[in-house]
Amino acid sequence: MLLNTSKTQPGPNAAGTAVTDRFARPLQDLRLSVLDRCNLRCTYCMPEASLDGQGSFLPVSRLLTDDELERLVRVFAAMGVHKVRLTGGEPLLRPGLPALVKRLAGIAGVSDLAMTTNAILLPRLAAELAESGLGRITVSLDSLDETVFTEMSGGRGSVAEVLAGIEAAERAGFGALKINTVVQRGVNEASVLDLVDHFRGSGHMLRLIEFMDVGNMNHWSPAQVVPGAHLLKQVHDRWPLKPVSDQQAGETARRFEFLDGQGEIGFINSISEPFCGDCTRGRVTADGVFYSCLFSTSGTALRPLLRGGLGDAELTEFIRSLWSQRDARYSEYRNGGEQVRSKVEMFRMGG
Ligand code: SAM
Ligand code: SF4
Ligand code: SF4
């Protein structure tokens, strides 16, 4: 049996229209890509060389407008989605992001509005985003070593800029941040303990992510993955850890706390320990294509429906029907030896 038993339950929602998929997984989280463009070119996500000749970014006319995004989130929230994460591409590049955040933060049922960002533009935007009602920020940072960082970011941005972004988020009142580090064998393995040392005791939680086979541009191979168990041992040998007692079903990270009281660290072992059984996440691209799995090869365009005069009730019914047919569990199939071709790129789908 591949699929883990789901421990999640459909969440409460105002309209009483919670929906579950074929494996009884409720739709509770929405990853909303607000833009496919980015100011970095991370080699594991949007490598410059592969980008050439692979088509252009979305023209502005194809992006969902703020009105459309607000409407869509309202519809999802009425179906039981309470967590919304803004992502991309780089969400901070979307013009007028604080105004959009304010509209989304005001939607009934959305209790957790978060954003994943490379942090480069946070010094400019963090205060306004806090005032607009953004609840949480996750920052991606793969190394504290400028040379390694630059190698992984495709020569753009710098560690200093990301750290300035983190400080700006702190000043704006975003308390505990999550710091995401994608670990790639032979590239930034040696950066891991420095990152742990830096963020232990800072109030932020470092999360070490196994390099995933999202999309096709990054030319992923299993040999480039450092298993989370190996990283856990490495960290534990230096700073002893114990599993946290309040681990929630549906959490992507396995969390551990430092025995010396210096906070927590997370391990996102998507390759070695897939968590499809508890996956309650749907995704919508910046041009309104709905995907039920990070590794989907095709999605469903919602933009024509939004622009074609469909009412909220019909839209709700349509999305309910999509989710109720969902049987996605790619990470478990992959480990069973199955490979998917033509996967959608992470920066297009929203990480
Ligand atoms: N640009 C923003 C950022 O980097 O935080 C948001 C979008 S990015 C696609 C979202 C997250 O996906 C980042 O934390 C990034 O490190 C992660 N990511 C991208 N490609 C990945 C891959 N192949 N394997 C694992 N994580 C990946
Ligand atoms: Fe941009 Fe984020 Fe992808 Fe890096 S991981 S290229 S910052 S979208
Ligand atoms: Fe969810 Fe798909 Fe990832 Fe499994 S592979 S955890 S179903 S996004």
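Keep in mind that the numbers below use all heavy atoms, side chains included, and drop hydrogens, waters and symmetry copies. Order of appearance sets the numbers: ligands from 1, and atoms from 1 within every ligand.
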Separation between CZ (Phe57) and CE (Met46), nearest 0.5 Å, reads 4.5 Å

message = Salt bridge or not between Lys83 and Asp29? Use side-chain N to carboxylate O under 4.0 Å.
response = yes

Atom 24 (N) of ligand 1 has as its nearest protein heavy atom Met212 N, 2.9 Å

Has Cys279 got an N, O or S atom lying less than 2.8 Å from atom 1 (Fe) of ligand 3? yes

of all protein heavy atoms, closest to atom 8 (S) of ligand 1 is Gly88 O, 4.4 Å

If we number the atoms of ligand 1 from 1 as shown, the ones under 4.0 Å from a heavy atom of Glu210 are 25 (C)

Any heavy atom of Glu332 under 4.0 Å from ligand 3? The part involved is neither

Q.
When you compare ligand 1 with Met346, is there at least one nitrogen or oxygen pair between them that comes in under 3.5 angstrom?
A. no

The atoms of ligand 1 lying under 4.0 Å from a heavy atom of Asn118, numbered in the order shown, are 2 (C), 3 (C), 5 (O)

One finds that the ligand 2 atoms under 4.0 Å from a non-hydrogen atom of Asn118 are 7 (S)

field: Residue pair Arg329, Asp21: steps toward the salt bridge (Lys or Arg N to Asp or Glu O under 4.0 Å) verdict
entry: CA-CA 11 Å; Arg329 48 179 182 163; Asp21 70 6; over 6 Å; no

Rounded to the nearest 0.5 angstrom, the CZ-CD distance for Arg156 and Glu48 is 5.0 Å

Just do the side-chain hydrogen bond (donor to acceptor under 3.5 Å, both in side chains) check on Glu317 and Ser321 with the steps written out, would you? CA-CA 6 Å; Glu317 218 24 69; Ser321 142; over 6 Å; no

(message) For Pro98, is there any backbone N or O sitting under 3.5 Å from a side-chain donor or acceptor partner on Glu128?
(response) no

In this structure, atom 8 (S) of ligand 3 is nearest to the protein heavy atom Leu294 N, 3.3 Å

Problem - Worked check of salt bridge (Lys or Arg N to Asp or Glu O under 4.0 Å) between Lys233 and Asp237 - result: CA-CA 6 Å; Lys233 181 175 182 318; Asp237 285 349; 2.7 Å; yes

In this structure, atom 4 (Fe) of ligand 3 is nearest to the protein heavy atom Cys276 SG, 2.3 Å

Per-atom filter on ligand 3: closer than 4.0 angstrom to a heavy atom of Ser331 are 5 (S)

So CD1 of Ile179 and CZ of Phe199: to nearest 0.5 Å the spacing works out to 4.0 Å

Hydrophobic cluster membership, Val139 vs Met205, 4.5 Å side-chain cutoff
no

- N/O/S atom of Cys293 under 2.8 Å from atom 2 (Fe) of ligand 3, yes or no? yes

Note: ligand 1 atoms sitting under 4.0 Å from heavy atoms of Thr87 are 6 (C), 7 (C)

Looking only at non-hydrogen atoms, the one of Leu35, Thr116, Leu40 nearest atom 11 (C) of ligand 1 is Thr116

Taken to the nearest 0.5 Å, the spacing of Leu122 CG from Arg171 CZ works out to 10.5 Å

Filtering Asp36, Ile271, Leu86, Val182 for the heavy atom nearest atom 16 (O) of ligand 1 leaves Val182

Result for side chain to side chain contact (heavy atoms under 4.5 Å, CB included) between Leu92 and one of Leu129, Ile120, Leu86 points to Leu129

Value for CG (Leu177) from CD1 (Ile137), rounded to nearest 0.5 Å, stands at 6.5 Å

- Query: Cut-off 3.5 Å, side chains only: do Arg85 and Thr138 have a donor facing an acceptor?
  - Reply: yes

If we number the atoms of ligand 1 from 1 as shown, the ones under 4.0 Å from a heavy atom of Asn180 are 14 (O)

At under 4.0 Å between heavy atoms, what of Cys38 touches ligand 2? The answer is side chain

Check your understanding: Between the side chains of Asn118 and Glu90, is a donor N or O closer than 3.5 angstrom to an acceptor N or O?
Key -> yes

Ligand 1 to Asn218, heavy atom cutoff 4.0 Å, flagged ligand atoms 23 (N)

Check whether any heavy atom of Gly89 sits under 4.0 Å from an atom of ligand 2. yes

For atom 4 (O) of ligand 1, the closest protein heavy atom turns out to be Ser140 OG, 3.4 Å

Numbered in order shown, the ligand 1 atoms found under 4.0 Å of a heavy atom of Glu90 are 1 (N), 2 (C)

Check for a donor-acceptor pair, side chain of Glu146 on one end and backbone N or O of Ala160 on the other, with a separation under 3.5 Å. yes

Of all protein heavy atoms, the one nearest atom 7 (S) of ligand 3 is Ala328 O, 3.6 Å

* Decide whether His204 and Glu170 meet the rule of one side-chain donor and one side-chain acceptor closer than 3.5 Å. => yes

- Do Thr117 and ligand 1 have an N or O pair less than 3.5 Å apart? yes

In ligand 1, the atoms that come under 4.0 Å of a heavy atom of Cys45 are 19 (C), 20 (N)

For Arg281, the atoms of ligand 3 under 4.0 Å from one of its heavy atoms are 6 (S)

For atom 20 (N) of ligand 1, the closest protein heavy atom turns out to be Tyr44 CD1, 3.3 Å

The answer for which part of Thr138 has a heavy atom under 4.0 Å from ligand 1 is neither

For Phe211, the atoms of ligand 1 under 4.0 Å from one of its heavy atoms are 23 (N), 24 (N)

for atom 7 (C) of ligand 1, nearest protein heavy atom and its distance come out as Gly89 O, 3.2 Å

d(Ile268 CD1, Leu231 CG) to nearest 0.5 Å is 12.0 Å

